[in-house]
Engineer: 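Quick one: the structure is below, and I'll ask about it shortly.
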Amino acid sequence: MSNRNVSLKLAQENPPPNEEAEVAQIAETLTQKVRHDYPPGKRALRDAHPKGHGTVKGEFIVHDNLPENCRHGIFKEARTFPAWIRFSSTGLERVQPDTTKDAHGMAIKLMGVEGEKLLEEERDEQTQDFIMVSYHVFFIRNVHDFTFFAEALRKQKMMSFFFGWNPFKWRIHEFWRAWRSIADLGNPLQIRYWSQTPISLGPHAIKYSAKSQTPHTDRRPRGAGPDYLTEAMVRTLDKEDVSFDFMVQFQTDPVAMPIEDPTIAWKESASPFIKVATVHIPKQEFASPAQMEFGDNLSFTPWHALPEHRPLGGIQRARRIVYPTISKLRHGLNNAPRKEPTNFDLS
């Protein structure tokens, strides 16, 4: 064990030199990709999670009597926040039919969250975002590696990130993480999602997760069409409410549960998840063209956050620059307003 690791403390970040320059490189590479993929006249989509299966109205219900170490930020006291919740597919290289194996996302945007936020240009906005994926760890270790992944993505040669001409530099660990993250899915409302990367909870470092309370899991139906995940959500929310347990996991070991390498799992046996809130999605209609477009126009970033929920680690630090850069570009190309919602109005 190196002295560098021994000296680490809980919730401590350790940014390497030259990270800011590499983040700027990633932002420029992805900007080039978006401009290439979406020439004038073609609607620009997100560079990641471009296919939305539905953006629904919900409630984020913070529980009472939480443990003292949980009572920070939005979890300080029992309260219910209105929320927009977007379900999506990763589709890193292209928008894919739902019948193609993929990783899937759940992004929650709380509204009515008072207090100054982390992003200077949005410090007075009343939103707080939580972003999750259907696998518990990320597949890129750090910002330096992300520069190579962004370039492979721009060239539409994603496999070159994992396997180059030199087998001694193959990223086997990362490939295994990426491969395990893709799967068939029957219904986005019936599975579990994870943050993959950490954030602060006051002075602590945590990861978070949302686990469906649905007692059964649907399989992909025979003869499923390219948008069957939206159809599955429509069928479910036409007849019943859906709820998720929202849980947090505390970092208890700065070496075994690293901040700077999100490809390493934080073992639940060492630090179990604690339920702190319920995400409640009532029965509703959500698949109108207007609401689907509204969901496409929303921007999500872990940096839409109170200081008590500051994102941690290199991948998260990169997102502070990259996410707004691509969001502004996308909205500009689409001539669409870029604003944070304050209610359930679609305008």
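No experiment lies behind these values; they were computed from the predicted model shown.
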Engineer: How far does CE of Met132 sit from CD1 of Ile85, to the nearest 0.5 angstrom?
Structural biologist: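 Atom-to-atom, Met132:CE and Ile85:CD1 are 8.5 Å apart.
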
Engineer: Using the ring pair (Phe, Tyr, Trp, His ring centres under 6.0 Å) definition, which of the options Phe344, Phe286, Trp84 pairs with Phe294?
Structural biologist: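 The passing option is Trp84.
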
Engineer: Measure across Arg46 and Tyr38 and return the closest heavy-atom pair with its distance rounded to 0.1 Å.
Structural biologist: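 Here Arg46 and Tyr38 meet closest at O-OH, 4.3 Å.
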
Engineer: So which of Phe246, Phe244, Phe250, Phe75 actually passes ring pair (Phe, Tyr, Trp, His ring centres under 6.0 Å) with Tyr208?
Structural biologist: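 When ring pair (Phe, Tyr, Trp, His ring centres under 6.0 Å) is applied between Tyr208 and each of Phe246, Phe244, Phe250, Phe75, only Phe246 qualifies.
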
Engineer: Tell me every residue that passes salt bridge (charged side-chain N to carboxylate O under 4.0 Å, His left out) with Lys101, counting only those two or more places apart in sequence or in another chain.
Structural biologist: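 Listed in chain order: nothing, the list is empty.
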
Engineer: How long is the straight-line distance from CG of Leu333 back to CD1 of Ile326, given to the nearest 0.5 Å?
Structural biologist: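 It is 9.5 Å, given to the nearest 0.5 Å.
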
Engineer: A side-chain contact here means heavy atoms from C-beta on lying under 4.5 Å apart; do Val62 and Phe60 qualify?
Structural biologist: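 They are in contact (side-chain heavy atoms under 4.5 Å apart), so the answer is yes.
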
Engineer: Are any of the side-chain nitrogens in Glu121 or Lys328 under 4.0 Å away from the carboxylate oxygens of its partner?
Structural biologist: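 So Glu121 pairs with Lys328 through a salt bridge.
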
Engineer: Regarding Glu260 and Asn142, is there a side-chain donor-to-acceptor distance under 3.5 Å anywhere?
Structural biologist: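 No.
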
Engineer: Give the cluster check for Met159 versus Ile182: same hydrophobic cluster or not, with ILVMFWY residues linked at side-chain heavy-atom distances below 4.5 Å.
Structural biologist: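 In one cluster: yes.
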
Engineer: As a test of understanding, state which of Thr236, Asp218, Thr217 forms a side chain to side chain donor-acceptor pair (under 3.5 Å) with Gln190.
Structural biologist: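 Of the listed residues Thr236, Asp218, Thr217, the side chain to side chain donor-acceptor pair (under 3.5 Å) partner of Gln190 is Asp218.
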
Engineer: With the threshold set at 4.0 Å, does a side-chain nitrogen-carboxylate oxygen contact exist between Glu308 and Lys117?
Structural biologist: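 Salt bridge between Glu308 and Lys117, a charged N being under 4.0 Å from a carboxylate O: no.
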
Engineer: Check whether any side-chain heavy atom of Gln156 lies under 4.5 Å from a side-chain heavy atom of Asp37, and answer yes or no.
Structural biologist: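 Yes, at least one pair of side-chain atoms sits under 4.5 Å.
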
Engineer: Would you say that His204 contacts Asn69 through its side chain, given a criterion of any heavy-atom pair below 4.5 Å between the two side chains?
Structural biologist: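 A side-chain contact exists here, since the closest heavy-atom pair is under 4.5 Å.
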
Engineer: Between Arg86 and Asp296, does at least one N-O distance fall below 4.0 Å, as a salt bridge requires?
Structural biologist: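 Looking at Asp296 together with Arg86, the answer is yes, because their closest N to O distance falls below 4.0 Å.
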
Engineer: Taking C-beta and beyond as the side chain, do Pro341 and Leu298 meet within less than 4.5 Å on heavy atoms?
Structural biologist: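 Heavy-atom side-chain distance check passes, below 4.5 Å.
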
Engineer: Could you state the interatomic distance from NE2 (His144) to CD (Gln25), rounded to the nearest 0.5 Å?
Structural biologist: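 His144 NE2 to Gln25 CD: 9.5 Å, rounded to 0.5 Å.
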
Engineer: State the OG-CG distance between Ser271 and Asp253, to the nearest 0.5 angstrom.
Structural biologist: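 Output value for this atom pair is 10.5 Å.
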
Engineer: Answer yes if the side chains of Ser195 and Thr197 hold a donor-acceptor pair under 3.5 Å, and no otherwise.
Structural biologist: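 Short answer, no.
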
Engineer: Check whether any side-chain heavy atom of Val279 sits under 4.5 Å from a side-chain heavy atom of Ile108, and report yes or no.
Structural biologist: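 The answer is yes; the side chains approach within 4.5 Å.
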
Engineer: So, for Phe148 and Phe161, is the gap between ring centers shorter than 6.0 Å?
Structural biologist: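 Centroid separation for Phe148 and Phe161: 6.0 Å or greater.
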
Engineer: Just how far is it from atom NE2 of His136 to atom NZ of Lys267, taken to the nearest 0.5 Å?
Structural biologist: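 NZ of Lys267 is found 10.5 Å from NE2 of His136.
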
Engineer: Would you say the side chain of Ile315 lies within less than 4.5 Å of the side chain of Phe138, judging by non-hydrogen atoms?
Structural biologist: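 Counting from C-beta outward, Phe138 and Ile315 do come under 4.5 Å.
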
Engineer: Shared ILVMFWY cluster between Ile61 and Ile274, side chains joined below 4.5 angstrom?
Structural biologist: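 No, Ile61 and Ile274 fall in different hydrophobic clusters.
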
Engineer: Closer than 3.5 angstrom, by distance alone: can the side chain of Glu13 be matched with the main-chain N or O of Gly313 as a donor-acceptor pair?
Structural biologist: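 Answer holds: yes.
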
Engineer: Let's go through Ser212 and Arg192 carefully: what are the C-alpha distance in whole Å and the side-chain angles of both, what is the deciding distance for side-chain hydrogen bond (donor to acceptor under 3.5 Å, both in side chains) to 0.1 Å, and is it a yes or a no?
Structural biologist: CA-CA 6 Å; Ser212 177; Arg192 184 175 177 182; over 6 Å; no

Engineer: Arg338 and Ser327: side-chain donor and acceptor closer than 3.5 Å?
Structural biologist: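 Side-chain D/A pair, Arg338 to Ser327: present.
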
Engineer: Charged N to carboxylate O under 4.0 angstrom, Arg317 versus Glu22?
Structural biologist: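 Looking at Glu22 together with Arg317, the answer is no, because their closest N to O distance does not fall below 4.0 Å.
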
Engineer: Of all residues at least two apart in sequence or in a different chain, which pass the salt bridge (charged side-chain N to carboxylate O under 4.0 Å, His left out) check with Arg35?
Structural biologist: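 Arg35 satisfies salt bridge (charged side-chain N to carboxylate O under 4.0 Å, His left out) with no residue once adjacent residues are dropped.
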
Engineer: Could you tell me whether Glu116 and Arg123 have a side-chain N and a carboxylate O separated by less than 4.0 Å?
Structural biologist: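 Salt bridge flag = yes for Arg123 with Glu116.
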
Engineer: Can Glu151 and Lys33 be said to form a salt bridge (Lys or Arg N to Asp or Glu O under 4.0 Å), step by step?
Structural biologist: CA-CA 9 Å; Glu151 184 62 23; Lys33 178 184 185 301; over 6 Å; no

Engineer: Can you establish whether the number of heavy atoms outside Gln32 located under 6.0 Å from its atom CD is more than 12?
Structural biologist: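 Yes, the 6.0 Å shell around CD holds more than 12 heavy atoms from other groups.
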
Engineer: So does His36 have more than 12 non-hydrogen atoms from other groups sitting under 6.0 Å from NE2?
Structural biologist: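 No, not enclosed.
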
Engineer: Using salt bridge (Lys or Arg N to Asp or Glu O under 4.0 Å), reason through Arg79 and Glu114 one step at a time and then give a plain yes or no.
Structural biologist: CA-CA 12 Å; Arg79 181 175 170 184; Glu114 298 90 357; 2.8 Å; yes

Engineer: Are Ile281 and Leu110 grouped together when hydrophobic residues (ILVMFWY) are joined by side-chain heavy atoms under 4.5 angstrom apart?
Structural biologist: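 Looking at the clustering, Leu110 is in the same group as Ile281.
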
Engineer: A quick test of your reading: do over 12 heavy atoms of other residues, nucleotides or ligands sit less than 6.0 Å from CZ of Arg43?
Structural biologist: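 Result for CZ/Arg43: enclosed.
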
Engineer: For residues Leu185 and Leu229, determine if any side-chain heavy atom of one lies less than 4.5 Å from a side-chain heavy atom of the other.
Structural biologist: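 Contact flag for Leu185/Leu229 side chains = yes.
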
Engineer: Salt bridge or not between Lys51 and Asp227? Use side-chain N to carboxylate O under 4.0 Å.
Structural biologist: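 Salt bridge flag = yes for Asp227 with Lys51.
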
Engineer: Testing the basics here: between Ala318 and Val143, what is the closest heavy-atom pair and its distance to 0.1 Å?
Structural biologist: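 Looking at all heavy atoms of both residues, the shortest contact is CB-CG2, 4.0 Å.
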
Engineer: Are Val234 and Met106 in one and the same hydrophobic cluster, where Ile, Leu, Val, Met, Phe, Trp and Tyr link if side-chain heavy atoms are under 4.5 Å apart?
Structural biologist: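 Result: yes, single cluster for both.
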
Engineer: Step through it carefully: locate the ring centre of His53, locate the ring centre of Phe87, and say whether they are under 6.0 Å apart.
Structural biologist: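 Ring centroids of His53 and Phe87 are no less than 6.0 Å from each other.
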
Engineer: Are Glu285 and Lys239 close enough for a salt bridge, meaning some N to O gap below 4.0 Å?
Structural biologist: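 A salt bridge is absent here (no side-chain N lies under 4.0 Å from a carboxylate O).
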
Engineer: Do you know the tightest heavy-atom contact between Pro258 and Trp266?
Structural biologist: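 Shortest heavy-atom separation between Pro258 and Trp266 comes out as O-NE1, 3.2 Å.
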
Engineer: May I ask whether Leu118 and Ile259 are part of the same hydrophobic cluster, defined by side-chain heavy atoms of I, L, V, M, F, W, Y residues being less than 4.5 angstrom apart, directly or through others?
Structural biologist: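 Cluster IDs for Leu118 and Ile259 differ.
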
Engineer: Can you find a side-chain donor-acceptor pair between Asp241 and His280 that sits under 3.5 Å?
Structural biologist: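 On atom types as modelled, these side chains qualify, holding a pair under 3.5 Å.
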
Engineer: Search all heavy atoms of Pro311 against all heavy atoms of Pro302 and return the closest pair with its distance.
Structural biologist: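 Closest approach of Pro311 to Pro302: CG-O, 3.3 Å.
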
Engineer: With the side chain counted from C-beta on, respond yes when Pro262 and Gln196 share a heavy-atom pair under 4.5 Å apart, and no when they do not.
Structural biologist: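 Heavy-atom side-chain distance check fails, nothing below 4.5 Å.
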
Engineer: Are His104 and His49 close enough that their ring centers fall under 6.0 Å?
Structural biologist: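 No, the ring of His104 stays outside the 6.0 Å limit from the ring of His49, centre to centre.
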
Engineer: Would you kindly say whether Glu122 and His304 are connected by a side-chain donor-acceptor distance under 3.5 Å?
Structural biologist: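 Glu122 vs His304: donor-acceptor pair found between side chains.
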
Engineer: Should the pair Asp184-Arg220 be classified as a salt bridge under the 4.0 Å nitrogen-to-oxygen rule?
Structural biologist: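 Salt bridge between Asp184 and Arg220, a charged N being under 4.0 Å from a carboxylate O: yes.
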
Engineer: Could you report the tightest heavy-atom contact between Tyr193 and Gly105, atom names first, then the distance?
Structural biologist: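 Smallest interatomic distance, heavy atoms only, reads CE2-C, 3.7 Å.
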
Engineer: Using every non-hydrogen atom in the two residues, find where Pro282 and Leu237 come nearest and quote the distance to one decimal.
Structural biologist: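 Residues Pro282 and Leu237, closest heavy atoms: O-CD2, 3.9 Å.
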
Engineer: Measure the CD-CG distance between Glu340 and Leu119 for me, rounded to the nearest 0.5 Å.
Structural biologist: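 With rounding to 0.5 Å, CD (Glu340) is 9.0 Å from CG (Leu119).
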
Engineer: Among pairs that include at least one residue of residues 125-146, which meet salt bridge (charged side-chain N to carboxylate O under 4.0 Å, His left out), considering only residues two or more places apart or in two chains?
Structural biologist: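 Sorted pair list: Lys109-Asp129, Arg141-Glu174, Arg141-Asp261, Asp145-Arg171.
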
Engineer: Determine whether the aromatic ring centres of Phe175 and Phe139 lie less than 6.0 Å apart.
Structural biologist: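 Here the rings of Phe139 and Phe175 have centres that are no less than 6.0 Å from each other.
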
